[in-house]
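Here the structure is laid out as structure tokens; the discussion comes afterwards.
In what follows, every heavy atom counts, from backbone to side chain, and hydrogens, waters and symmetry copies are set aside. FYI, the numbering just counts along the sequence from 1.
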Amino acid sequence: MTQSILFVCLGNICRSPSAEAVLRAKARDRGLELTLDSAGTGDWHVGEPPYGPMQKAGAARGYDLSGLRARQVSVEDFYRFDLILAMDPSNYANLEALRPEDATARLEMFTAYLDEPGVSEVPDPYHTRDFDGALDLVERAAEGVLGKLG
Ligand code: 4NP
């Protein structure tokens with residue numbers, strides 16, 4: 001049974017903290033107890049709160065990202081979590097390269113939980129500047145994750 005999920009993007013200041021916050025809110029609404037965390041494949045923003053415009057877009061929908069702090073994904077995460085969800089194919093490839101042979105975590109794409117053929121990534125809003133579009137996708141994929149968990 002999946003009880004712990006780690007969301008991973010590049011910087012851990014936009015997509016993955018948003019996914020963590022959205023899943024936390026939706027799990028709470030359903031009375032589900034899940035261990036949730038997020039991390040980045042890169043280390044540029046370690047220790048920083050989520051990006052201001054991302055926090056603002058999240059807050060407008062009732063998601064409080066302010067207490068989160070960026071960290072870099074580590075090999076240990078492959079033993080600590082049941083499921084690791086990558087935000088885009090590049091994140092996935094970097095995670096695959098890091099994954100130890102005896103990892104206990106499953107590694108999947110977050111977008112695999114969308115019932116939307118052709119959508120294969122959550123586009124990086126740090127570059128697209130489409131924070132609401134990223135949140136829309138994250139919210140739909142989060143519903144898919146919870147639907148799979150039952
Ligand atoms: P994220 O967005 O991976 O969704 O957190 C990014 C944030 C920062 C950078 C890249 C992506 N950056 O290059 O600093």
Side-chain angles (χ1 to χ4, degrees), residues 2-30 32 34-78 80-99 105-149:
T2 300
Q3 282 167 329
S4 57
I5 305 173
L6 178 69
F7 300 95
V8 178
C9 60
L10 178 58
N12 194 210
I13 57 169
C14 290
R15 294 166 291 176
S16 62
S18 298
E20 177 186 348
V22 168
L23 248 294
R24 183 161 287 125
K26 289 184 181 294
R28 190 187 49 225
D29 288 349
R30 292 176 194 217
L32 282 174
L34 294 173
T35 297
L36 303 168
D37 196 6
S38 63
T41 57
D43 66 358
W44 309 283
H45 299 285
V46 168
E48 293 178 17
Y51 189 47
M54 189 77 252
Q55 284 199 50
K56 204 170 161 196
R61 300 184 188 203
Y63 306 116
D64 182 7
L65 277 63
S66 65
L68 302 176
R69 294 294 178 269
R71 73 172 179 90
Q72 189 172 27
V73 69
S74 71
V75 170
E76 287 71 39
D77 287 319
F78 286 89
R80 291 177 47 218
F81 292 90
D82 298 321
L83 181 61
I84 298 179
L85 294 176
M87 295 293 138
D88 69 31
S90 165
N91 307 148
Y92 187 95
N94 286 328
L95 287 163
E96 250 191 338
L98 187 68
R99 174 169 59 182
R106 281 181 294 132
L107 172 61
E108 296 177 358
M109 290 292 299
F110 189 40
T111 50
Y113 290 84
L114 285 168
D115 193 14
E116 298 172 33
V119 181
S120 57
E121 66 174 331
V122 180
D124 171 2
Y126 192 76
H127 291 107
T128 67
R129 313 308 293 174
D130 186 4
F131 299 95
D132 272 306
L135 274 176
D136 287 342
L137 262 182
V138 164
E139 286 184 324
R140 297 202 299 276
E143 288 291 339
V145 170
L146 289 174
K148 279 270 167 63
L149 295 179

Rounded distance (nearest 0.5 Å) linking atom [atom1] of [X] with atom [atom2] of [Y]:
| X | Y | atom1 | atom2 | value |
| --- | --- | --- | --- | --- |
| L32 | R24 | CG | CZ | 13.0 Å |
| R106 | I84 | CZ | CD1 | 11.0 Å |
| H45 | I13 | NE2 | CD1 | 4.0 Å |
| C14 | L65 | SG | CG | 9.5 Å |
| L6 | R80 | CG | CZ | 7.5 Å |
| K56 | D132 | NZ | CG | 11.0 Å |

Please give me the minimum heavy-atom distance between [X] and [Y], naming the atom from each residue.
| X | Y | value |
| --- | --- | --- |
| A70 | G11 | CB-O, 4.0 Å |
| M109 | S120 | CE-O, 3.2 Å |
| A21 | D64 | CB-O, 4.5 Å |
| F81 | I5 | CD2-C, 3.7 Å |
| L146 | A27 | CD1-N, 4.1 Å |
| S38 | E20 | OG-OE1, 2.8 Å |

When you look at E116 and L137, which way does the side chain to side chain contact (heavy atoms under 4.5 Å, CB included) test go after all the steps?
CA-CA 10 Å; E116 298 172 33; L137 262 182; 4.2 Å; yes
Could you go through the side-chain hydrogen bond (donor to acceptor under 3.5 Å, both in side chains) check for E121 and Y92 one step at a time?
CA-CA 10 Å; E121 66 174 331; Y92 187 95; over 6 Å; no
If the test is side chain to side chain contact (heavy atoms under 4.5 Å, CB included), which one of [options] qualifies with [X]?
| X | options | value |
| --- | --- | --- |
| V122 | D88, T111, L135 | T111 |
| F7 | L23, N12, L83, D37 | L23 |
| C9 | N91, V73, L85 | N91 |

Would a distance-only check, ignoring hydrogens and angles, find a side-chain to backbone donor-acceptor pair under 3.5 Å from [X] to [Y]?
| X | Y | result |
| --- | --- | --- |
| D130 | P125 | no |
| Q55 | P50 | yes |
| Q72 | T41 | yes |
| D77 | S74 | yes |

Mark yes when over 12 heavy atoms from residues, nucleotides or ligands other than D115 sit less than 6.0 Å from its CG; otherwise mark no.
no
Beyond-backbone contact of [X] with [Y], side-chain heavy atoms, under 4.5 angstrom:
| X | Y | answer |
| --- | --- | --- |
| Q3 | T35 | no |
| D82 | S4 | yes |
| T128 | P123 | yes |
| R129 | P53 | yes |
| R15 | F131 | no |
| F78 | L98 | yes |

Looking just at side-chain N and O atoms, do Y113 and E143 make a donor-acceptor pair shorter than 3.5 Å?
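No donor-acceptor contact under 3.5 Å links the two side chains.
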Run the side chain to side chain contact (heavy atoms under 4.5 Å, CB included) check on V138 and F110 step by step: do they pass?
CA-CA 8 Å; V138 164; F110 189 40; 4.1 Å; yes
List the steps and the verdict of side chain to side chain contact (heavy atoms under 4.5 Å, CB included) for D136 and R61.
CA-CA 10 Å; D136 287 342; R61 300 184 188 203; 2.9 Å; yes
For the pair Y126 and L10, evaluate side chain to side chain contact (heavy atoms under 4.5 Å, CB included) and give the outcome as yes or no after the intermediate values.
CA-CA 10 Å; Y126 192 76; L10 178 58; over 6 Å; no
